[in-house]
Peer 1: 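Pasting a structure here, questions to come.
Everything quoted here is computed from the prediction, not taken from an experiment.
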Amino acid sequence: MNSFMMMILLALILSTILATLSFWLPIMKPDSEKLSTYECGFDPQGSARLPFSLRFFLVAILFLLFDLEIALLLPSPWATNLPEPGLTLLWTTLFLILLTLGLVYEWLQGGLDWAE
């Protein structure tokens, strides 16, 4: 089996597992805030001069950080045409493990919590 088919199979298996987990894991408890038109927590009819929470900015920066790091993985499918595609798969796997560990660390430290 060549490396391209291996990556396609791995991507298919991983996406199937993640899609299946996304249906089982979430807890659906809609409240008035989530059902409102603006779910940012601000009153849409109130003053526009209220300061934002620092937590909002921290989560936004974390999103940008992880989004840009994921963009570094985009050349990976073309890198499988190199003489050593196994090395590419190794570096990609290590990069994904590092991203996952960073996400788990932020989660455990409470960096993804909206409320204090």
Side-chain angles (χ1 to χ4, degrees):
M1 182 182 285
N2 60 12
S3 60
F4 181 71
M5 288 301 292
M6 178 102 162
M7 286 189 83
I8 293 292
L9 183 65
L10 183 65
L12 185 65
I13 290 171
L14 185 62
S15 61
T16 304
I17 289 172
L18 290 175
T20 305
L21 284 177
S22 70
F23 284 111
W24 287 337
L25 289 182
I27 300 170
M28 303 298 243
K29 292 183 181 176
D31 57 1
S32 63
E33 290 294 324
K34 288 185 178 182
L35 294 177
S36 69
T37 306
Y38 303 99
E39 59 177 79
C40 63
F42 291 111
D43 181 21
Q45 305 299 325
S47 173
R49 302 287 184 245
L50 294 174
F52 282 106
S53 170
L54 184 61
R55 288 260 187 215
F56 175 78
F57 288 112
L58 289 177
V59 171
I61 288 172
L62 281 174
F63 171 75
L64 288 175
L65 180 72
F66 282 104
D67 193 37
L68 290 175
E69 288 176 349
I70 293 296
L72 293 174
L73 292 173
L74 288 176
S76 296
W78 291 280
T80 57
N81 294 329
L82 295 174
E84 293 289 330
L87 188 62
T88 302
L89 187 61
L90 173 73
W91 282 109
T92 304
T93 305
L94 289 175
F95 190 71
L96 286 174
I97 289 171
L98 182 66
L99 276 178
T100 305
L101 289 176
L103 179 65
V104 169
Y105 176 76
E106 285 296 326
W107 195 332
L108 292 176
Q109 293 296 318
L112 301 176
D113 294 336
W114 285 102
E116 299 196 20

Peer 1: Atom CD1 of Ile8 and atom CD1 of Ile13: how far apart are they, to the nearest 0.5 Å?
Peer 2: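 It comes to 11.5 Å.
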Peer 1: Donor-acceptor pairs under 3.5 angstrom involving side-chain atoms of residues 59-72: please list them, not counting sequence neighbours.
Peer 2:
none

Peer 1: Verify the cluster assignment for Ile17 and Leu9: are they in a single hydrophobic cluster under the rule of side-chain heavy atoms below 4.5 Å apart?
Peer 2: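 Cluster IDs for Ile17 and Leu9 match.
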Peer 1: Atom CG of Leu12 and atom CE of Met5: how far apart are they, to the nearest 0.5 Å?
Peer 2: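 Between Leu12 CG and Met5 CE, I get 10.0 Å after rounding to 0.5 Å.
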Peer 1: Provide the closest heavy-atom pair for Ala19 versus Ser22 in the form atom of the first, atom of the second, distance.
Peer 2: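 The answer is O-OG, 2.7 Å.
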Peer 1: Would you list the atom pairs, donor with acceptor, under 3.5 Å between side chains in residues 95-107 and any protein atom, with sequence neighbours excluded?
Peer 2:
{"from": "Thr100", "atom 1": "OG1", "to": "Leu96", "atom 2": "O", "distance (Å)": "2.8"}

